[in-house]
Undergrad: 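I am attaching a structure below and will ask some questions about it afterwards.
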Amino acid sequence: MDAGTMVLQLMLSGLTVGAIYALVAVGFVLIYNVTGVLNFAQGEFAAVGALTGAWLSMRGLPLWVCVVLAVLVAAAVAAGVERAVVHPARQSRPMTVIMLTIGAGMALRGAALLVFGTDPLAMPMFTEGEPISIGGATILWQTVWALVLCLLFFAALVFFFEKTYTGKAVRANVMNRFAARLYGIRPTTLSFWVFVVGGAVSGLAGVVVAPITGATYDMGLMLSMKGFVAAVIGGLNNAAAAVVGAVLLGVVESLATGLLSSGYGDVISFALLLAMLLVRPSGLWSRAEGKRV
Amino acid sequence: MLAAIDLRVYRGPAPVLHGVTLQVDEGEIVAVVGPNGAGKSTLLGALAGCFPPAAGRVMFAGEDVTGTAPETLVRRGLVLVPERRQVFPGLTVRDNLLLGAYHWYRRNKGEAAALLDAVLADFPRLRERIGQLAGSLSGGEQQMLAIGRGIMARPRVLLLDEPSLGLAPKVVTDLFSRFRQLCTRYGTAMILVEQNVRAAFRVADRAYVLERGRVVREGPVEALREDPHVVGAYLGKRLPAALRADAR
Ligand SMILES: Nc1ncnc2c1ncn2[C@@H]1O[C@H](COP(=O)(O)OP(=O)(O)OP(=O)(O)O)[C@@H](O)[C@H]1O
Ligand SMILES: [Mg+2]
């Protein structure tokens, strides 16, 4: 494999990782903009999805059933976190709520350890078959799935926010939470449902990545962090920018890991996070005033 | 219809309202006037459920609604159009108006469309700009939009906080002259918080003068126009502090 092919290969695997980060990051951004909560349990919802999907597939259920159930379970867990942790603390200071979500994440990891143990669970690829070859590099069918599902979800999101009445109410809530209440828009209801959606999309990310990486009880922590970094690159208040940030992060990490050494991926992404927070805290693409959602 | 009884409200650690009693009856237009920082906005906010009072009660349609959340009070017909309009800049005029009907829109879309049409007939300027983003409207148009969305909520009492803010005198006159008609047509009472005392007195039945968190005068506007304190502080020839603030 020559250098050019190798770089292409690394970029393609970066794309896969990027798509997964993107799904987590979009959940992160949605929850943050609707509720004002930085939810550091976001990656755990992905872990729940991955573990549930893999566990069910090992029990011999049809794959699509595993995927659907994984997404539903992740959504239900997210809804549980919202009701049990975020809702009771809605009057608390932001820092308190951040601590609580970190705590909820630890609790979920602990629970996953008890239920699923420490060994990674395997899950079959969504589509059997030879990887696709592009210019000497190869791309897994699972990557195609990741990209397609990511695109579909994003299209659905855009449709919801641009075309539906409820979507506009959510946008109104993002623009001015105080005024939205005067219109009768209930912040607590929105908070619940945005966790459901954020949980579902993270669960989807988890169950899509499980066939590639396997599912482990502690995979959520890194995904939370990476989702957060991607969201910060996008400026925290723009879902589309977060997707771009996620893909960028995935590719940069993959290149760093492949060309330097395997330890460098995480170092680079956290260096990126620090740099973003110090230099461009409102995102790489921010204009003077950030446009929200 | 709506009454505040000995209402005491804090904003942060500071007491702002020190026992305010006020009421508005069905179909009535009541003005609340007073200088900057008197607590007028706090009073409206407290009535609408935004600031839970430390003491006192809010009665609405015969029920004690003290401490009820704003999103619940809207459903019962107590609608606040807040200070500085606060329309949603990134949504179109149509979407802003339809969201005004948020709590009943899904149950009766036909009626919402009819009410939207009626509101647009009342404010033809909004019909011309129906597809435009609310953020791109002029101040006067945004105020019409804010009031229009308030009507879309089907209010029984409409609370307007300084609708004259930032508007040219002619626009204020024009806008205020329609309040009576709107109240009659849509069957709502109105509390009008204003710094523009003359304009408010022209349209109101009764008025309260709020100073430093207390009601210092109240009565029919005809009586208040003769009141030496009101004349001296708010209606005098020399522009007193309360009116100079208009220029903001
Ligand atoms: N968010 C807040 N936190 C703390 N104090 C506040 C807050 N908002 C207002 N206040 C204080 O409450 C008092 C009354 O404010 P309020 O906005 O009710 O006055 P107002 O009569 O509406 O004035 P204006 O004519 O300027 O709108 C002021 O002294 C103000 O400093
Ligand atoms: Mg005010």
Side-chain angles (χ1 to χ4, degrees), chain A residues 29-30 32-36 87-94 157-194 235-241 282 285-293, chain B residues 41 44-45 47-52 68-107 109 112-113 133-135 142 145-146 148-155 158-161:
Chain A
V29 168
L30 283 179
Y32 175 65
N33 281 284
V34 172
T35 66
H87 182 77
R90 64 193 178 285
Q91 312 282 13
S92 313
R93 286 175 306 146
L157 211 58
V158 170
F159 177 82
F160 174 72
F161 281 121
E162 295 295 329
K163 298 289 176 216
T164 71
Y165 187 77
T166 311
K168 286 165 187 166
V170 179
R171 277 169 69 200
N173 176 77
V174 171
M175 284 175 222
N176 187 339
R177 222 168 285 162
F178 170 76
R181 293 185 72 185
L182 299 177
Y183 283 57
I185 298 169
R186 292 185 196 277
T188 51
T189 311
L190 292 193
S191 170
F192 178 81
W193 285 109
V194 79
L236 272 182
N237 56 17
N238 186 329
S282 53
W285 295 273
S286 65
R287 274 150 288 166
E289 273 296 283
K291 178 175 153 288
R292 315 198 94 192
V293 174
Chain B
S41 298
L44 282 200
L47 289 173
C50 302
F51 315 122
T68 308
E71 59 269 26
T72 306
L73 289 174
V74 172
R75 286 170 169 73
R76 300 208 197 158
L78 184 51
V79 178
L80 169 62
V81 176
E83 217 169 2
R84 284 170 283 109
R85 330 194 202 298
Q86 310 208 22
V87 295
F88 301 115
L91 296 177
T92 63
V93 169
R94 169 183 276 114
D95 290 339
N96 268 278
L97 287 171
L98 287 178
L99 282 178
Y102 182 77
H103 63 90
W104 60 276
Y105 175 81
R106 289 187 198 76
R107 267 180 283 127
K109 292 184 185 169
L133 294 184
Q142 287 192 17
L145 179 58
R149 86 82 192 158
I151 293 171
M152 291 295 294
R154 298 208 284 211
L158 188 59
L159 311 174
L160 295 187
D161 197 344

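Values reported hereafter were calculated over all heavy atoms of this structure, with side chains retained and with hydrogens, waters and symmetry mates removed. Letters A, B, ... are given to chains in the order of the sequence lines, protein chains preceding strands, and every chain is numbered from 1. In this text the structure is predicted, and so the values were computed from the model without any measurement.
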Undergrad: Pick whichever of B/Ala153, B/Gly90, B/Pro89, B/Gly150 has the most heavy-atom pairs under 4.5 Å with chain A.
TA: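 Of the options given, most contacts go to B/Gly90.
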
Undergrad: How long is the gap from NZ on A/Lys168 to CG on B/Asn96, to the nearest 0.5 Å?
TA: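 Here the rounded value is 10.5 Å.
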
Undergrad: Is any residue of residues 183-191 of chain A within less than 4.5 Å of chain B by heavy atoms, and which ones?
TA: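 Contacts with chain B: A/Tyr183, A/Gly184, A/Ile185, A/Arg186, A/Pro187.
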
Undergrad: Rounded to the nearest 0.5 Å, what separates atom OH in B/Tyr102 from atom OG1 in A/Thr166?
TA: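 One finds 6.0 Å between OH of B/Tyr102 and OG1 of A/Thr166.
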
Undergrad: Do you know which of B/Arg75, B/Met152, B/Arg106, B/His103 has the most heavy-atom pairs under 4.5 Å to chain A?
TA: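 Most heavy-atom pairs under 4.5 Å with chain A: B/Arg75.
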
Undergrad: For a 4.5 angstrom cut-off between non-hydrogen side-chain atoms, does A/Tyr165 reach B/Asp95?
TA: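 No, side chains not in contact.
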
Undergrad: Please assess A/Val34 against A/Val170 for the test side-chain contact (heavy atoms from CB on, under 4.5 Å), listing each intermediate value before the final yes or no.
TA: CA-CA 7 Å; A/Val34 172; A/Val170 179; 3.6 Å; yes

Undergrad: Under the side-chain contact (heavy atoms from CB on, under 4.5 Å) criterion, do B/Arg149 and A/Leu182 qualify, and how do the steps go?
TA: CA-CA 11 Å; B/Arg149 86 82 192 158; A/Leu182 299 177; 4.0 Å; yes

Undergrad: Check whether B/Leu98 gets within reach of chain A through its side chain, its backbone, both or neither, counting any heavy atom under 4.5 Å.
TA: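 Both backbone and side chain.
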
Undergrad: Does any part of the side chain of A/Phe178, heavy atoms only, come nearer than 4.5 Å to the side chain of B/Pro70, both counted from C-beta?
TA: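 Side-chain contact under 4.5 Å: no.
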
Undergrad: Assess whether side-chain contact (heavy atoms from CB on, under 4.5 Å) is satisfied between B/Leu97 and B/Leu145, documenting all intermediate values.
TA: CA-CA 7 Å; B/Leu97 287 171; B/Leu145 179 58; 3.6 Å; yes

